[in-house]
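Side chains are part of it too, since the values below use all heavy atoms of this structure and drop only hydrogens, waters and symmetry mates. A, B, ... follow the sequence lines: proteins, then strands. Residue 1 opens every chain.
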Amino acid sequence: MATERYNHRDAEPRWQAAWDDQSIFKTDNADPREKYYVLEMFPYPSGRVHMGHVRNYTMGDVVARYKRARGFNVLHPMGWDAFGMPAENAAMERGVHPATWTYQNIASMKAQLKRMGLSLDWSREFATCDVAYYAQQQALFLDFLDKGLVYRKQSKVNWDPVDNTVLANEQVVDGRGWRSGALVEQRELTQWFFRITDFADDLLSSLDTLDQWPEKVRLMQKNWIGRSEGLSIRWQIVPNARAGDATEVEVYTTRPDTLFGASFLAIAADHPLARALSETNAEIDAFCAETRHAGTSLAAQETAEKKGIDTGLKVRHPLDPSWELPVWIANFVLMDYGTGAIFACPSGDQRDLDFARKYGLPVVPVVMPRDGDAASFTVGDEAYTGDGVMINSRFLDGLSTEDAFLRVAETLEATELDGRPQATRKVNFRLRDWGISRQRYWGCPIPVIHCQACGVVPVPKADLPVKLPEDVTFDRPGNPLDNHPTWRHVACPQCGADARRETDTMDTFVDSSWYFIRFTAPWETQPTERAACDRWMPVDQYIGGIEHAILHLLYSRFFTRAMKETGHAGLSEPFKGLFTQGMVVHETYSRGEGIHREWLTPSSVKIEELDGKRVGSLIETGETIHIGSIEKMSKSKKNVVDPDDIIDSYGADTARFFVLSDSPPDRDVIWSEAGVEGAHRFVQRVWRLISEADWLAQVEGRPAVEGEGLAISQIAHKTLKAIQNDLDNLAFNKAVARLYEFVNALAGPLTQATAGTDESLRAALKDAVSILVRLIAPMTPHLAEECWSVIGGEGLAATAAWPAFDDRLVVENEVTLPVQINGKKRGDLTIARDADQSAVEQAVLAMEVVQAALEGRTPKKIIVVPQRIVNVVV
RNA sequence: GCGGACGUGGCGAAACUGGUAGACGCAAGGGACUUAAAAUCCCUCACCUCAGGGUAUACGGGUUCGACCCCCGUCGUCCGCACCA
């Protein structure tokens with residue numbers, strides 16, 4: 001019987017409507033079944049869905065549909081990370097209001113996502129720019145403020161003097177603003193900060209509990225937090241009029257063991273002592289100013305030469321007051337790490353060594369490798385930074401570096417200077433507090449009011465939300481909230497006097513730091529509904545790009561902890577399982593050379609294979625073009641494929657199936673026309689095989705335990721077991737490969753079978769097909785529905801239970817063991833599964849190949865690995 | 001510079017915990033069907049070799065009955081951090 005080709009244009013919208021009509025993806029918080037929360041990182045509403053989204057959301061959807069079939073109550077929501085600069089840029093460039101632009105983009109992207117057939121609970125959808133969402137974010141902010149998790153401090157920012165705005169580091173290109181091109185200045189502004197460093201230790205140690213996270217991400221976070229253990233040592237300044245009131249310099253070090261190798265102290269240009277000296281010394285002032293102004297451009301940082309200036313001050317060595325060392329200001333010392341001052345041991349630190357060589361300061365080796373010779377060990381142009389044995393270090397000589405560390409720590413902790421210990425043990429972190437102030441319009445307003453009399457006053461919760469004004473203009477530089485004629489004027493909630501609103505808005509990373517919790521009860525008029533949060537959190541499987549490995553995930557981990565402290569959540573770790581998927585990449589095409597090079601879209605070129613070489617030409621003119629490297633899809637290189645076009649011509653199922661195929665999901669996948677066609681062939685093939693076997697609906701499925709059907713049932717149930725395992729491990733590419741194998745194996749018997757075929761064989765085939773349909777359902781859900789209805793499946797494939805495999809069909813009664821001779825495969829031995837070792841040995845020795853290899857000798861050894869392999873050593 | 005990952009046919013990749021290397025897909029070649037094309041179906045497809053077989057998982061060593069997998073070294077690619085004392 002001939003059937004029509006599978007028509008996705010008809011089938012896909014039809015099944016999407018059927019799912020919608022029955023609201024089958026709407027999740028009920030009260031459903032008592034075991035929960036499963038799967039979430040993909042929500043998108044920024046740029047206006048167009050790209051292939052990266054398709055891959056990301058397809059993976060999440062496969063998990064959601066699979067877990068639903070396995071009987072879980074699945075939460076699979078979607079929303080929009082909707083605040084941010086692009087909306088303001090659009091406003092400046094095209095005069096569209098950011099809100100209008102954003103909500104239009106959301107509408108068109110939502111339509112695109114809907115076409116993909118994702119099993120999302122759209123009833124929980126929200127955008128972070130919805131007042132209902134950011135109102136709750138403001139409530140959280142106030143609670144954090146109340147708990148001391150938020151504070152203000154002066155901080156250096158990149159200031160664009162033309163746009164009158166603060167720039168993020170990545171918006172500073174070669175020391176200039178990315179938009180204005182103006183030289184960026186460092187300015188001190190009072191900014192709002194979250195106390196993420198309060199949680200540094202916990203954020204670090206809890207990484208060990210995240211065993212369902214990629215090791216790579218955990219390591220990146222670990223390095224980012226950057227914990228170090230050391231000693232904070234106070235160095236007494238030799239009395240000197242120039243030092244002003246300062247009597248000591250505090251230094252943080254992780255290498256107190258090298259204290260006898262100290263050569264000088266170095267402080268940052270921003271160090272209070274340096275600032276004090278600047279006031280009276282023009283030379284020092286000039287050096288500090290220069291150092292402060294460098295730093296912005298990346299190139300300058302990379303090539304930065306070590307530079308310094310001697311302050312003329314001296315300090316006393318903590319272990320020998322008669323030993324005086326000079327104090328330098330050095331450009332490589334950072335004010336915001338440790339104490340902004342270091343002691344330099346040139347023999348044990350490359351930076352210190354470079355500096356010492358340049359300015360002729362002493363270099364004394366104090367640590368040598370364990371196998372070194374104390375008499376001849378010297379340090380040339382390379383510092384010895386490893387551990388080893390102490391030398392030239394008086395009472396530390398001969399000790400290991402670790403023991404020396406302890407001895408120095410004990411000694412200095414017990415030594416008093418001005419009535420306090422000379423040194424204390426200290427743990428330091430690289431992690432800094434999270435600055436959230438942004439001088440922009442399109443973000444969540446920080447809900448505080450500045451009053452002349454009362455200072456910083458939180459907006460009372462009853463007065464929330466602090467709404468963004470709608471009538472704003474973008475024709476002037478600077479923050480539109482600052483420029484607004486009335487918005488910032490408000491009465492102080494405490495004294496009633498004229499006051500002004502905070503015009504900073506929050507970093508958009510704040511918005512994405514708790515949206516996953518909000519999804520559990522987005523209707524709630526509090527930030528969270530505790531019962532819903534406790535029920536759903538943590539997210540069981542979170543899926544997104546590796547680019548969020550550090551900031552987004554770290555901020556979210558912090559935020560969840562802060563929400564726990566303020567009673568809004570009951571847990572610390574928001575994401576139990578994390579998966580970082582690879583990108584979708586594509587070949588690039590271009591014509592012309594150098595500055596005349598012009599990038600070409602994939603749809604404008606034709607690729608052919610001539611004499612084994614791939615040759616590209618422009619479809620329109622036939623002109624030969626250049627096939628370039630495979631790169632991340634980007635507008636600038638024009639190597640993009642529009643998901644809408646793909647869905648139009650091949651359907652959502654094909655697109656979904658393709659992005660899951662071939663490459664492991666954490667690696668990049670290469671988008672190619674040929675690959676998509678391969679996926680499309682599979683979709684058509686499955687449809688043809690199933691729709692042409694029109695007797696399937698009349699037969700009750702039943703696995704065969706003997707006869708012709710046995711092989712089919714075995715393949716079906718083994719595939720089922722394997723794919724189940726693959727999906728549990730998110731190994732989608734392997735599942736796809738097994739589906740191909742399964743369909744290949746099924747194709748012959750299925751096409752040959754007719755209504756007259758032996759009943760038990762037909763029952764086995766029906767069982768196999770019924771399994772197949774449910775195996776493809778998570779990946780190609782529309783096709784599955786179409787097939788499910790053809791074979792007479794009950795209800796929708798989307799709600800069908802996952803099949804259970806029959807253990808007896810998954811194990812073999814006979815196993816085929818490869819037989820090796822001296823580690824090389826020479827034959828196969830098929831033997832009963834439960835054959836014991838000696839039976840296997842007997843059978844192996846009887847084999848011709850073995851006899852031939854032995855030539856009458858006895859084997860040295862026979863290794864039998866049960867169910868695996870036999871190796872005969874001759 | 002520091003830290004990490006990776007390196008398998010023409011290509012994307014499989015290979016369980018150290019046990020048959022290259023499953024599956026793409027591309028390519030051959031054939032069937034067709035007036036023809038598309039679609040579909042069948043066959044071939046790591047390299048060398050006359051057979052038997054030999055050689056192959058970046059390269060060089062090692063451990064092992066047996067290594068893509070473990071260890072040491074070299075080369076290459078990619079990613080993260082980047083003066084963090």
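Under a cut-off of 6.0 angstrom, the local environment of NZ in A:Lys718 is crowded, with over 12 non-hydrogen atoms contributed by other residues, nucleotides or ligands.
Distance from the side chain of A:Ala737 is smallest to B:A23 among B:A23, B:A85, B:U20. For A:Leu334, taking side-chain heavy atoms from C-beta onward, the closest of the listed nucleotides B:A82, B:A85, B:G12 is B:A85.
Pair check for B:U40 finds B:A32; Watson-Crick or G-U wobble, both atom distances under 3.5 Å. Nucleotide B:C50 is matched to nothing when pairs are restricted to Watson-Crick or G-U wobble geometry with both distances under 3.5 angstrom. The partner of B:A13, taking Watson-Crick or G-U wobble pairs whose two distances both stay under 3.5 Å, does not exist in any strand shown. In this structure, B:C68 makes no Watson-Crick or G-U wobble pair, since no nucleotide meets both defining distances under 3.5 angstrom. Pairing for B:G22 is absent, judged as Watson-Crick or G-U wobble with the two contacts each under 3.5 Å. Nucleotide B:A27 has no partner under the Watson-Crick or G-U criteria, as no pair reaches both atom distances under 3.5 Å. Remark: B:C83 base-pairs with no nucleotide; criterion is Watson-Crick or G-U wobble with both hydrogen-bond distances under 3.5 Å. If you check B:C78 for Watson-Crick or wobble pairing at under 3.5 angstrom, you find it paired to B:G4.
Geometrically, A:Arg430 engages A:Trp224 in a cation-pi contact, judged by NZ or CZ lying under 6.0 Å from the ring centre and within 45° of the ring axis. A cation-pi geometry, defined here as NZ or CZ lying under 6.0 Å from the six-membered ring centre and within 45° of its normal, does not hold between A:Lys306 and A:Phe355.
B:A82 atom P lies 20 Å from atom CD of A:Gln350, rounded to whole Å. Whole-Å rounding puts the A:Ile267 CD1 to B:C83 P distance at 19 Å. Look at CD1 on A:Ile630: it is 8 Å from P on B:G12, rounded to the nearest Å. When the C1' atom of B:G25 is taken as reference, atom CE of A:Met779 falls 14 Å away, rounded to whole Å. Going from atom CD1 of A:Ile862 over to atom P of B:C65 covers 16 Å, rounded to whole Å. If you take CD of A:Gln684 and C1' of B:G25, they are 17 Å apart, rounded to a whole angstrom. Rounded to a whole Å, the NZ atom of A:Lys718 is 18 Å from the P atom of B:A23. Rounded to an integer number of Å, the gap from CG of A:Asp257 to C1' of B:A85 is 12 Å.
For the residue pair A:Arg667 / A:Asn733, no side-chain donor-acceptor distance below 3.5 Å is found, with atom types taken as modelled.
Nucleotides B:A14 and B:U8 have their C1' atoms positioned 10 Å apart, rounded to a whole Å. The same atom, P, is picked in B:U64 and in B:G53; the two are 29 Å apart, to the nearest Å. Look at the P atom in both B:G52 and B:A13: the space between them is 35 Å, to the nearest Å. For B:U63 and B:C71, the C1' atoms lie 7 Å apart once the distance is rounded to whole Å. Here, B:C2 and B:A85 have their P atoms 15 Å apart, quoted to the whole Å. Across B:G19 and B:A67, the matching P atoms stand 11 Å from one another, rounded to whole Å. For the C1' atoms, the distance from B:G7 to B:U20 is 24 Å, rounded to whole Å. Between the C1' atoms of B:C50 and B:U40, the separation comes to 39 Å (whole Å).
The phosphate of B:C2 (OP1 or OP2) has no side-chain N or O of A:Asn223 nearer than 4.0 angstrom. Contact between the side-chain N/O atoms of A:Asn744 and the OP1/OP2 oxygens of B:G25 is found at a separation under 4.0 Å. Distances shown here put every side-chain N or O of A:Arg218 at or beyond 4.0 Å from the OP1 or OP2 atom of B:G4. Applying the 4.0 Å criterion to OP1 and OP2 of B:A85, one finds that A:Tyr337 has a side-chain N or O inside that range. Close to B:A82, at under 4.0 Å from its OP1 or OP2, lies a side-chain N or O of A:Arg430. For B:C24, neither phosphate oxygen OP1 nor OP2 lies less than 4.0 angstrom from any side-chain nitrogen or oxygen of A:Ser661.
As judged by a 4.0 angstrom heavy-atom cut-off over every strand, A:Arg681 is placed among residues touching the sugar-phosphate backbone only. Residue A:Asn871 is classed as a base contact, given a heavy-atom separation below 4.0 Å to a base. Using a 4.0 Å heavy-atom distance criterion, A:Val865 is classed as a base contact. No engagement by A:Val251 is indicated, since no non-hydrogen atom pair under 4.0 Å with the nucleic acid exists. Note on A:Ser228: only backbone sugar-phosphate atoms sit closer than 4.0 angstrom, heavy atoms only; bases stay farther off. Using a 4.0 Å heavy-atom cutoff across all strands shown, A:Leu219 reaches sugar-phosphate atoms only and no base atom. A:Gly678 comes within 4.0 angstrom of the backbone, heavy atoms only, and of no base. Nucleic acid contact class of A:Asn733 (heavy atoms, under 4.0 Å, all strands): sugar-phosphate only. At the heavy-atom level, A:Gln820 lies under 4.0 Å from base atoms of the strands shown.
Between A:Phe193 and A:Trp434, the distance separating the two ring centers is not shorter than 6.0 angstrom.
Residues satisfying the side chain to side chain donor-acceptor pair (under 3.5 Å) test with A:Glu841, not counting sequence neighbours, are none.
A:Phe260 and A:His317 have parallel rings, their planes meeting at less than 30° on a 0 to 90° scale where 60° marks the start of perpendicular.
Looking only at side-chain heavy atoms (C-beta outward), A:Arg557 and A:Leu210 come within less than 4.5 Å of each other.
Against the 90° criterion about 0, the sugar-base torsion of B:G62 places it in the anti range.
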Kindly determine whether A:Trp671 and A:Met51 satisfy side-chain contact (heavy atoms from CB on, under 4.5 Å), including the steps that lead there.
-> CA-CA 9 Å; A:Trp671 185 275; A:Met51 277 302 164; 3.6 Å; yes
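Ranked by how close their nearest RNA chain B nucleotide is to the 5' end, A:Gly338 and A:Ala679 are led by A:Ala679.
No option in A:Thr719, A:Ile723, A:Leu720 other than A:Leu720 meets the side chain to side chain contact (heavy atoms under 4.5 Å, CB included) test with A:Phe805. The one candidate from A:Pro362, A:Pro326, A:Ser347 that meets the side chain to side chain contact (heavy atoms under 4.5 Å, CB included) condition with A:Ser263 is A:Pro362. Of the candidates A:His680, A:His8, A:Arg681, A:Glu677, A:His680 is the only one forming a side chain to side chain donor-acceptor pair (under 3.5 Å) with A:Thr654.
A heavy atom lying under 4.0 Å from RNA chain B marks the following residues of residues 662-669 of chain A, by number: A:Asp662, A:Ser663, A:Pro664, A:Arg667.
Residue-to-nucleotide contacts include no donor-acceptor pair under 3.5 Å from the side chain of A:Lys734 to the base of B:C24.
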